[in-house]
Amino acid sequence: MQLIEERLRSLMLRSLAGDASSYHCFLDELATHLRSFLRKRLAGLSEDAEDLVQEVLLAIHNQRHTYDVRLPLTAWVHAIARYKLIDLLRRRSRCDLLNDPLDEDEELFAASENEAFEARFDLAKLLRQLPDRHRLPIQYVKIEGASLADTAARTGMSVSAVKVGIHRGLKALAAKMGSSG
């Protein structure tokens, strides 16, 4: 484990200094490490492991500027991974409570691989239409999973303004989606 920490930390520090090739190596090696870390914790849900790996990598990419170089990198990474894992388990439990399992013909409901990409693209397109005071709080809190306090600090807004921005932004997105449908 110490060897992994040293290797990943070294690559992260070089990437933070602007070395793009180190950053690509960091992401590749981190993805391998995360797969192992998350598969152990997703017993019975292995189909979700790769999606969660990608979600964690995206969160790390978006939050890399918050890494404190004085602290172990893997502790920071594992904290992000645990938060994303908890979010996944919460989403799944809510979804499982709301839906009866289907016993037959699951292929009928299989989504194409492009649907998830198209949905992310559509969401990004809608978010770009919002002013920063609405878009950034939604991006940071609802998409990246940051806390209200962290979002307030990142945006220079108060926690109350972040809450209002999320509320008004989601309301505006709902209106935009209602008018386009």
Side-chain angles (χ1 to χ4, degrees), residues 27 30-31 34-35 37-39 41-42 44-67 76-181:
L27 290 175
L30 182 59
L34 284 170
R35 279 183 193 94
F37 178 82
L38 292 170
R39 281 192 180 127
R41 287 153 182 82
L42 282 171
L45 300 174
S46 60
E47 69 277 0
D48 291 323
E50 189 59 33
D51 289 342
L52 193 55
V53 167
Q54 296 306 315
E55 194 174 324
V56 172
L57 288 173
L58 182 60
I60 288 169
H61 171 76
N62 289 330
Q63 298 297 318
R64 67 188 182 277
H65 66 279
T66 67
Y67 170 61
W76 179 74
V77 165
H78 289 161
I80 293 171
R82 279 191 296 275
Y83 284 118
K84 293 296 183 183
L85 177 61
I86 289 167
D87 288 345
L88 169 76
L89 295 174
R90 283 184 185 143
R91 284 191 309 264
R92 283 191 66 93
S93 68
R94 277 191 297 250
C95 185
D96 290 347
L97 288 173
L98 296 172
N99 297 301
D100 291 330
L102 297 174
D103 291 335
E104 54 189 53
D105 210 7
E106 290 180 16
E107 289 181 27
L108 177 65
F109 297 100
S112 74
E113 293 177 12
N114 291 328
E115 286 179 10
F117 172 77
E118 290 169 1
R120 282 191 294 273
F121 178 78
D122 290 344
L123 177 60
K125 193 167 132 181
L126 284 170
L127 282 173
R128 281 194 301 269
Q129 297 174 20
L130 295 177
D132 284 353
R133 69 183 184 278
H134 298 153
R135 180 180 51 78
L136 293 176
I138 291 171
Q139 177 71 38
Y140 296 152
V141 175
K142 297 298 184 182
I143 297 174
E144 295 175 15
S147 70
L148 293 170
D150 288 343
T151 299
R154 284 174 72 182
T155 60
M157 301 167 73
S158 69
V159 171
S160 295
V162 169
K163 289 179 186 179
V164 169
I166 291 169
H167 175 76
R168 290 182 180 162
L170 291 175
K171 191 173 177 180
L173 285 175
K176 287 180 185 299
M177 289 174 20
S179 68
S180 67

Visitor: Rounded to the nearest 0.5 Å, how far apart are CG of L34 and NE2 of H78?
Guide: 6.5 Å
Visitor: Please lay out, stage by stage, how H167 and V164 fare under the test side-chain contact (heavy atoms from CB on, under 4.5 Å).
Guide: CA-CA 5 Å; H167 175 76; V164 169; 5.7 Å; no
Visitor: Please tell me if the side chains of L127 and I143 come closer than 4.5 Å, counting only heavy atoms from C-beta onward.
Guide: yes
Visitor: Let me confirm one number: the CD-CD distance from Q63 to E144, rounded to the nearest 0.5 Å.
Guide: 5.5 Å
Visitor: Which heavy atom of N62 sits nearest to which heavy atom of R154, and what is that distance?
Guide: O-NH2, 4.1 Å
Visitor: Give the minimum heavy-atom separation between A152 and S158, together with the two atoms involved.
Guide: CB-C, 3.9 Å
Visitor: In terms of ring plane angle, is the pair W76 and Y67 parallel, tilted or perpendicular, where the classes change at 30° and 60°?
Guide: tilted
Visitor: Testing the basics here: between G169 and L130, what is the closest heavy-atom pair and its distance to 0.1 Å?
Guide: O-CD1, 4.0 Å
Visitor: Any side-chain heavy atom of H134 sitting closer than 4.5 Å to one from K171?
Guide: no
Visitor: About how many Å separate CZ of R82 and CZ of F37, when rounded to the nearest 0.5 Å?
Guide: 5.5 Å
Visitor: Kindly write out the residues that satisfy salt bridge (charged side-chain N to carboxylate O under 4.0 Å, His left out) with R35, not counting sequence neighbours, or none if the list is empty.
Guide: E50
Visitor: Shortest non-hydrogen contact from K142 to I166?
Guide: CE-CG2, 3.8 Å
Visitor: If every non-hydrogen atom of V141 is compared with every non-hydrogen atom of S147, which pair is closest and at what distance?
Guide: CG2-O, 4.1 Å
Visitor: Checking D150 against T66 for the side-chain contact (heavy atoms from CB on, under 4.5 Å) test, could you report, in this order, the C-alpha distance in whole Å, the side-chain angles of both residues, the deciding distance, and whether it holds?
Guide: CA-CA 10 Å; D150 288 343; T66 67; over 6 Å; no
Visitor: Quick check against the 3.5 Å criterion: does K84 have a side-chain atom that pairs as donor or acceptor with the backbone of V53?
Guide: no
Visitor: State whether the side chain of R41 and the backbone N or O of L38 hold a donor-acceptor pair below 3.5 Å, judged by distance alone.
Guide: no
Visitor: Answer yes or no: does atom CZ of R135 have more than 12 heavy-atom neighbours from other residues, nucleotides or ligands under 6.0 Å?
Guide: yes
Visitor: Using side-chain contact (heavy atoms from CB on, under 4.5 Å), reason through L136 and T151 one step at a time and then give a plain yes or no.
Guide: CA-CA 8 Å; L136 293 176; T151 299; over 6 Å; no
Visitor: Which atom pair, heavy atoms only, marks the closest approach of I80 to A59?
Guide: CG2-CB, 3.9 Å
